[in-house]
Amino acid sequence: MVQATPFLLVLFLALGAHGLSAEKCSLTGHWINDLGSNMTIETVNADGGFAGSYHTAVTATSNEIKVSPLQGSQQKGPNQKGQPTFGFTVNWSFSDSITVFTGQCFVDDDGKESLRTMWLLRSRVENVRSDWKATRVGTNIFTRL
């Protein structure tokens with residue numbers, strides 16, 4: 001059994017290593033989502049804060065679409081394992097609305113990064129009676145450009 005121990009140790013490490021991704025997902029960079037919208041996230045600071053810009057490909061307004069600023073935060077706690085959760089807000093430059101996104105950055109088995117998000121878009125309405133139609137919800141998947 002003594003000679004089998006090194007073999008079993010190597011086998012265990014080889015099989016176990018597949019589940020331990022050395023790849024870390026990074027939010028920084030240029031992204032495109034499933035609707036064709038483009039987003040750039042600047043460097044994430046030591047506290048997890050970041051800024052960037054968002055150029056949407058879709059809108060419910062007749063206004064000209066403009067690049068809009070985004071501000072966000074990435075989870076930086078001790079349990080963060082390289083595929084962080086995050087959230088950011090886009091303050092639309094061309095409409096009276098704002099969107100908040102929350103999601104997680106993933107690295108798949110082929111090393112490709114993606115951001116899986118859910119969002120809430122809040123539009124301004126004229127009065128409280130119209131509040132029921134002011135918020136929309138959806139999901140987007142972003143891939144690195």
Side-chain angles (χ1 to χ4, degrees), residues 6-145:
F7 172 76
L8 292 175
L9 179 60
V10 170
L11 180 62
F12 174 78
L13 291 174
L15 292 174
H18 179 70
L20 302 174
S21 175
E23 301 274 344
K24 292 194 178 197
C25 196
S26 171
L27 296 179
T28 302
H30 304 287
W31 300 89
I32 188 167
N33 73 16
D34 43 319
L35 298 174
S37 298
N38 289 284
M39 172 175 67
T40 300
I41 297 177
E42 304 300 330
T43 304
V44 178
N45 68 29
D47 295 328
F50 60 87
S53 59
Y54 198 106
H55 188 239
T56 187
V58 296
T59 184
T61 176
S62 60
N63 297 342
E64 176 188 352
I65 294 174
K66 296 179 182 175
V67 175
S68 299
L70 69 81
Q71 293 284 325
S73 184
Q74 172 184 307
Q75 201 281 332
K76 296 290 276 188
N79 294 324
Q80 202 271 93
K81 305 289 189 225
Q83 297 192 84
T85 57
F86 60 89
F88 62 88
T89 301
V90 179
N91 185 355
W92 300 110
S93 300
F94 59 91
S95 70
D96 292 335
S97 60
I98 198 160
T99 303
V100 293
F101 288 79
T102 186
Q104 187 169 352
C105 190
F106 289 103
V107 179
D108 69 15
D109 291 338
D110 296 326
K112 287 186 166 186
E113 294 170 298
S114 66
L115 307 178
R116 304 287 176 131
T117 66
M118 176 171 262
W119 51 262
L120 292 171
L121 180 144
R122 176 66 188 211
S123 298
R124 189 187 72 77
V125 291
E126 293 300 320
N127 55 55
V128 72
R129 291 184 310 280
S130 298
D131 187 57
W132 66 271
K133 63 182 180 178
T135 303
R136 297 178 186 173
V137 63
T139 61
N140 285 120
I141 299 171
F142 292 83
T143 54
R144 190 171 293 283
L145 276 175

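Values reported hereafter were calculated over all heavy atoms of this structure, with side chains retained and with hydrogens, waters and symmetry mates removed.
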Between atom CZ of R122 and atom OG1 of T99, what is the distance when rounded to the nearest 0.5 Å? 12.0 Å
For the residue pair V44 and F86, establish whether any side-chain heavy-atom pair is separated by less than 4.5 Å. no
Do N140 and F101 have side-chain heavy atoms sitting under 4.5 Å apart? yes
If only atom types and distance count, is the side chain of N45 paired as donor or acceptor with the main-chain N or O of D47 below 3.5 Å? yes
Rounded distance [0.5 Å steps], CH2 in W31 versus CG in L145: 9.5 Å
Restricting to non-hydrogen atoms, name the atom on S37 and the atom on V58 that form the minimum distance, rounded to 0.1 Å. OG-N, 4.4 Å
Show, in sequence, the C-alpha distance, side-chain angles and deciding distance for V125 and W132, and conclude whether the side-chain contact (heavy atoms from CB on, under 4.5 Å) test is met. CA-CA 9 Å; V125 291; W132 66 271; over 6 Å; no
Side chain proximity check, T56 to F94, heavy atoms < 4.5 angstrom: yes
Smallest separation among heavy atoms of A57 and L35, with atom names: CB-O, 3.5 Å
Is a side-chain N or O of D34 found less than 3.5 angstrom from the main chain of I141, in a donor-acceptor match? yes
Can a donor-acceptor pair be found, under 3.5 Å and without considering hydrogens, that links the side chain of N127 to the backbone of S130? yes
Can you tell me how far CD1 of I65 sits from OG of S93, rounded to the nearest 0.5 angstrom? 11.5 Å
Within a strict 4.5 Å, meaning less than it, do heavy atoms of the N38 and H30 side chains meet? no
Residue pair F142 / E113, side-chain heavy-atom distance below 4.5 Å: no
With rounding to the nearest 0.5 Å, note down the distance linking CZ in R144 to OG in S114. 10.5 Å
When rounded to the nearest 0.5 Å, the distance separating CG of L115 from OG1 of T102 is 11.5 Å
Rounded to the nearest 0.5 Å, what separation is found between the CD atom of Q74 and the SG atom of C25? 8.5 Å
Is there a donor-acceptor contact under 3.5 Å from the side chain of T85 to the main chain of Q104? no
Any donor-acceptor pair under 3.5 Å from S68 side chain to K66 backbone: yes
In sequence, state the C-alpha distance, the side-chain angles, and the governing distance for F50 and E42, and then conclude on side-chain contact (heavy atoms from CB on, under 4.5 Å). CA-CA 6 Å; F50 60 87; E42 304 300 330; 5.9 Å; no
In T89, N33, T40, the residue satisfying side-chain hydrogen bond (donor to acceptor under 3.5 Å, both in side chains) with Y54 is N33
